[in-house]
Enquirer: 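I have a structure here, written as C-alpha cells, and I will follow up with some questions on it.
For ligands, and for the atoms within them, numbers begin at 1 and follow the listed sequence.
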Amino acid sequence: MKLVIAMIQDQDANKLLGILSEHGYSATKLASTGGFLRQGNTTLLIGVEDQRVHELMELIKETSKSRKQLVTPLASVGRSLNNYMTEPVEVTVGGATVFVVAVEDFAKV
Ligand code: 2BA
Ligand code: 2BA
C-alpha cells in the first residue's frame with residue numbers, strides 16, 4: 001500500500017474529490033498553506049493499493065490545472081533586505097505536487 005500526498009490548488013479540490021470518490025478511492029482533505037505564496041492550498045491524503053497508484057496519478061494529473069499567479073512584493077519572502085522584491089513576479093503554480101510514500105501498516109479499528 002502507498003500513501004499518496006497531493007498538494008493541489010483549492011479551485012481543483014472539489015472536482016478531484018468527486019472524481020476520486022467515483023473511482024472508489026477514499027481520501028482525506030487537509031487545508032494547507034503554501035510556504036512560498038503563503039496562500040491556501042489543499043493537501044489530499046490518499047491511501048491506495050500499489051496497483052492503483054498509476055491510475056490515481058493520471059486522475060490527479062487530468063484534474064489539476066497549472067495556473068500563473070503574480071506574487072505581491074514582500075508577501076512571499078522573508079523580511080530580510082536581501083530578499084527584498086520590488087517588482088511583482090509571475091510564478092507558475094503547478095497542477096499538483098505529489099509524494100508517494102510506502103505504508104508500513106494500515107488499519108481501521
Ligand atoms: P471510513 O472508511 O471509516 O473512513 C473514514 C474517514 O477516514 C474518511 O472520511 C477519510 O477521511 C479517511 N479515510 C478512510 N480511508 C482512507 C484512505 N484510504 N485514504 C485516506 N483517507 C482515508 P470520508 O471520506 O468522509 O468517508 C466516510 C465513509 O464513507 C468511509 O468510512 C467509508 O465507509 C465511506 N466511503 C469513503 N469513500 C468511499 C467511496 N469512494 N465509495 C463508497 N464509500 C466510501
Ligand atoms: P507554494 O509554496 O505557495 O508555491 C507556489 C509556487 O511558487 C510553486 O508552485 C512554485 O512555482 C513557486 N515557488 C515555490 N517556492 C519557490 C521558491 N523558493 N522560489 C521561487 N519560486 C517558488 P509549485 O511548485 O507547483 O508548488 C505548489 C505548492 O505545492 C506549493 O505552494 C507548496 O505548498 C507545495 N509544494 C511544492 N513543492 C513542494 C515540496 N518539495 N515539498 C512540500 N510542498 C511542496
Enquirer: Enter the distance from Gln9:CD to Asn41:CG here, rounded to the nearest 0.5 Å.
Expert: 8.0 Å
Enquirer: State, yes or no, whether a side-chain contact exists between Leu44 and Thr28 at a heavy-atom distance under 4.5 Å.
Expert: no
Enquirer: Can you find a pair of side-chain heavy atoms, one from Ser64 and one from Leu16, that are under 4.5 Å apart?
Expert: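 Touching, per the 4.5 Å side-chain cut-off.
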Enquirer: Suppose the criterion is salt bridge (Lys or Arg N to Asp or Glu O under 4.0 Å): which pairs have a residue in residues 3-21, not counting sequence neighbours?
Expert: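 Qualifying pairs: Asp12-Arg67.
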Enquirer: At less than 3.5 Å, what protein N or O atoms come close to the N or O atoms of ligand 2? Include the distances to 0.1 Å.
Expert:
| from | atom 1 | to | atom 2 | distance (Å) |
| --- | --- | --- | --- | --- |
| ligand 2 | 2 (O) | Gly35 | N | 3.2 |
| ligand 2 | 2 (O) | Phe36 | N | 2.8 |
| ligand 2 | 3 (O) | Leu37 | N | 2.8 |
| ligand 2 | 11 (O) | Thr92 | O | 2.7 |
| ligand 2 | 25 (O) | Gly94 | N | 2.6 |
| ligand 2 | 33 (O) | Asn41 | ND2 | 2.9 |

Enquirer: Give the contacting part of Ile46 toward ligand 1: side chain, backbone, both or neither, where contact means a heavy-atom distance below 4.0 Å.
Expert: backbone
Enquirer: Can you list the ligand 1 atoms lying under 4.0 Å from a non-hydrogen atom of Gly24?
Expert: 40 (N)
Enquirer: Contact between Ile46 and Leu3 at the side-chain level, heavy atoms closer than 4.5 Å - yes or no?
Expert: no
Enquirer: For ligand 1, which atoms, with element, lie under 4.0 Å from some heavy atom of Tyr25?
Expert: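 Result: 40 (N).
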Enquirer: For atom CD of Glu58, is the number of surrounding heavy atoms from other residues, nucleotides or ligands below 6.0 Å larger than 12?
Expert: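 Atom CD in Glu58 is packed in, count exceeds 12.
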Enquirer: At a 4.0 Å threshold, what atoms of ligand 1 neighbour a non-hydrogen atom of Thr28?
Expert: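 This gives 10 (C), 11 (O), 12 (C), 13 (N), 20 (C), 21 (N), 22 (C) as the contact atoms.
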Enquirer: Quick check: do Leu37 and Gln69 have side-chain heavy atoms less than 4.5 Å from each other?
Expert: yes
Enquirer: Is it the case that one hydrophobic cluster holds both Ile5 and Phe106, taking links as side-chain heavy atoms less than 4.5 Å apart, direct or via other members?
Expert: yes
